[in-house]
Amino acid sequence: MKTVLSIAGSDSSGGAGIQADIKTIESYGLFAETAITAITAQNTCGVRAVQDIDPAVVAAQIDAVFEDIRPDAVKIGMVSSANIIAVIAERLRAHEASNIVLDPVMVATSGSRLIAEQAVAALIEHLVPLATVITPNMPEAQVLCGFPVEDDEAIQRAAQAIAQNTNGAVLIKGGHRSDTADDLLVLPDGSLSWLRAKRIDTENTHGTGCTLSSAIACGLAQGNTIEQAVRRAKGFVRGAMSTGLNLGQGNGPLNHMWCHGKPHLPYAQ
Ligand SMILES: Nc1ncnc2c1ncn2[C@@H]1O[C@H](COP(=O)(O)OP(=O)(O)OP(=O)(O)O)[C@@H](O)[C@H]1O
Ligand SMILES: Cc1ncc(CO)c(N)n1
């Protein structure tokens, strides 16, 4: 069985972070492993508390996983401090990890900040160069490239600027657009493709980015090309957004148990 390691924060409300990743990886039929970077107390309305995990314990989790059940792909999500970022990069290099998907998480859907301002430089220096695919949303792309990212032309320039720091691909996600949900993919050979999609009219978008990035990691673990993995992942998120699940009082979570238009729950009543 193929395995995927999620290095990310815990979301107590279950819709984002480590929890979204495990649900996604299981929906792909793969085996999920985890290295928790932070524990957040949050729900669909906001983040109430964050406790970072000691960097030595983050490193120990990564070592324990690689030295036993070696993952076929790695997804990196919330990494809130420069020290944690540095140990993750160091351990992934030491284990010669491949198929690394970096979701440069900065702000939750609810608007709360999830990374220290000083840690952004460390993310660019240590993790961006290791990534097979980087998946910023538009505000994150703006922080990574340093200029406003508001229209198609700026999205294109931002993706190309971010791609300068990596041998991998860059996917700029369109969840923050008002008109469409088009994403832009720049492949390592510099070729550009727009992944066009109609917007789904819903407030329930908590964890869309976490779900997308772990789904891309699953596709890479299964041997998909980057473009195939990204297109399948976008379809998976779309399906998980479309079931009409409406939980919580804020931006609700996705339904990860969606599978090709029908539930895949053998024990469901
Ligand atoms: N309303 C929507 N309709 C269709 N697709 C959407 C919608 N919102 C987001 N998506 C898609 O979901 C994926 C994740 O994009 P998004 O920009 O929401 O990530 P994000 O901001 O990192 O998410 P989060 O911080 O909530 O985890 C992208 O492929 C995007 O196009
Ligand atoms: C733990 C965690 N990671 C990522 C996100 C971004 O959606 C979130 N809200 N919480």
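In each ligand, atom 1 is the first atom listed, and ligand 1 is the first ligand listed. Position 1 is the first residue of the sequence, and the numbers go up from there. Computed from a predicted structure; not experimentally measured.
Each of the atoms 1 (N), 3 (N) of ligand 1 lies under 4.0 Å from some heavy atom of R199. Of all atoms in ligand 1, listed by their number and element, those nearer than 4.0 Å to a heavy atom of G207 are 26 (O), 27 (O). Residue contact check: K173 has heavy atoms under 4.0 Å from atoms 14 (C), 15 (O), 17 (O), 19 (O), 20 (P), 22 (O) of ligand 1. Contact atoms of ligand 1 toward T205: 26 (O) (distance under 4.0 Å to a heavy atom of the residue). Contact atoms of ligand 1 toward R238: 4 (C) (distance under 4.0 Å to a heavy atom of the residue). Distances below 4.0 Å separate heavy atoms of V237 from the following atoms of ligand 1: 12 (O). Those atoms of ligand 2 with a heavy atom of V105 less than 4.0 angstrom away are 4 (C). Residue contact check: G9 has heavy atoms under 4.0 Å from atoms 1 (C) of ligand 2. Below 4.0 Å from some heavy atom of K198 lie the following atoms of ligand 1, by number and element: 4 (C).
Contact annotation: for K234 versus ligand 1, heavy atoms closer than 4.0 Å belong to the side chain alone. Contacts with ligand 2 closer than 4.0 Å are made by no heavy atom of A8, backbone or side chain. With a 4.0 Å cut-off on non-hydrogen atoms, T208 touches ligand 1 through its backbone as well as its side chain. In L114, the part holding a heavy atom less than 4.0 Å from any atom of ligand 2 is the side chain.
Of the candidates G209, C210, S213, C210 brings a heavy atom nearest to atom 7 (O) of ligand 2.
Geometrically, ligand 1 and M241 share no nitrogen or oxygen pair separated by less than 3.5 Å. Considering both main-chain and side-chain atoms, D11 never comes within under 3.5 Å of ligand 2 through any nitrogen or oxygen pair. Residue L212 places no N or O, backbone or side chain, under 3.5 Å from any N or O of ligand 1. In terms of polar-atom proximity, defined here as any N/O pair under 3.5 Å, E140 makes no such contact with ligand 1.
Within a 6.0 Å radius of CG in N167, no more than 12 heavy atoms belonging to other residues, nucleotides or ligands are found. For E203, the CD atom sits in a loose shell: 12 or fewer heavy atoms of surrounding residues, nucleotides or ligands are nearer than 6.0 Å. Annotation: R157, atom CZ; neighbour count of heavy atoms from other residues, nucleotides and ligands within 6.0 Å is above 12.
Residue, atom and distance of the protein heavy atom nearest to atom 2 (C) of ligand 2 are Q42 NE2, 3.7 Å.
Distances from ligand 1 to the non-hydrogen atoms of C210 include at least one value under 4.0 Å.
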